Amino acid sequence: MANKEFLRRKQEKIMEENGIIYLENVSKSYSTGSPAINDITLSIKQGEFVFIVGDSGSGKSTLIKLLLRELTATSGAVYVMGQDLAELKHRQIPRFRRNLGVVFQDFRLLNDRNVYENVAFAQRIIETPINEIRRNVPTILATVGLAGKYKAKTKQLSGGEQQRVALARALVNRPSILLADEPTGNLDPKNSWEIMQLLEEINEQGTTVIVVTHNREIVNAMQKRVIAMKKGIIVSDQEEGEYIDED
Ligand code: ADP
Ligand code: MG
């Protein structure tokens, strides 16, 4: 127990000093090609809203996967909530991931289930008591504007609605960090704006939000921190930044 307490303090200290996300000289190579991530050092503070922009192939999704511990760094250290991800044992990964909500371009819903089931599923995995699930799911569906749709099969929903379900599922376990990899890539402008506004509201309630996007108009309008990547490196990192051109 003393050891656990020591570890917790150590993680809190790393978080205080370096942020909720901290990459120190991180590189990631796949078996072929040049490194997808090449010696990146990056710190994101708790409560920040960060856009990650850059060409296709510049390493954005690889960065997200490193944070989710879907991949491990080839060299350097990745800390999430003060935890060195290289030190995580396999059996510790599910518990670690409870800290993270994740949303993808292609929604990744269970298409044979209804809206309620898709969101409740995330709570069942972490063994939330049924009475809490019955309370939490409607609350989060209301937050994303889907209170009236809980019985609908996801296939019957529009793209924008499907992404709201995915967002509700990502948030229902109250993660500290929300990672969104091109969440509006399949949406029309109106739905893209609505999803981004939801992400901003979630951020205002304290969740750290990281959004990979190609949506220049939204990035320029929202005045958030913008990290631009190119060929595996960070080429610019600006507070209240703008979308950086891809060439
Ligand atoms: P982005 O999300 O910015 O489009 P990615 O992180 O997906 O970029 O890819 C970065 C680079 O790594 C690309 O050159 C891509 O081809 C390569 N890459 C991505 N995933 C794999 C993989 N599983 N195996 C081999 N190379 C990969
Ligand atoms: Mg990608």
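We count ligands from 1, going down the list as the structure has it; atoms in each ligand are counted the same way. Small disclaimer: the values here were computed from a predicted structure and weren't measured.
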Audit row: Ser61, Asp181, side-chain hydrogen bond (donor to acceptor under 3.5 Å, both in side chains) steps and yes/no: CA-CA 7 Å; Ser61 293; Asp181 193 351; 2.6 Å; yes

Atom 9 (O) of ligand 1 [closest protein heavy-atom partner, distance rounded to 0.1 Å]: Thr62 OG1, 3.9 Å

Residue Ser61, metal the Mg ion (ligand 2), N/O/S under 2.8 Å: yes

Sub-4.0 Å protein heavy atom near atom 25 (C) of ligand 1: yes

Closest approach of any protein heavy atom to atom 8 (O) of ligand 1, naming residue and atom: Gly59 N, 3.2 Å

Top protein contact for atom 4 (O) of ligand 1, by heavy-atom distance: Gly57 N, 2.6 Å

Residue-ligand contact Asp55/ligand 1, heavy atom below 4.0 Å: yes

Heavy atom of the protein closest to atom 23 (N) of ligand 1 (residue, atom name, distance): Tyr30 CE2, 3.7 Å

N or O pair under 3.5 Å between Thr32 and ligand 1: no

Sub-4.0 Å protein heavy atom next to atom 16 (O) of ligand 1: no

Per-atom contacts of ligand 1 with Ala36, taking only distances under 4.0 Å to non-hydrogen atoms: 10 (C), 11 (C), 12 (O)

Side-chain ion pair, Glu161 and Lys149, N-O less than 4.0 Å: yes

Nearest-contact summary for atom 3 (O) of ligand 1 - protein heavy atom, Å: Lys60 NZ, 2.7 Å

Ring geometry between Tyr79 and Tyr22 (parallel below 30°, tilted from 30 to 60°, perpendicular above 60°): parallel

Arg225 and Glu48 ion-paired at < 4.0 Å: yes

Side chain Thr62, main chain Ala36, donor-acceptor under 3.5 Å: no

Non-hydrogen side-chain atoms of Ser192 and Ile218 separated by less than 4.5 Å: yes

Beyond-backbone contact of Arg124 with Ile133, side-chain heavy atoms, under 4.5 angstrom: yes

Minimum non-hydrogen distance to atom 2 (O) of ligand 1, winning option of Ser61, Gly232, Ser56, Ser34: Ser61

Salt bridge Glu5-Arg8, side-chain N to carboxylate O under 4.0 Å: yes

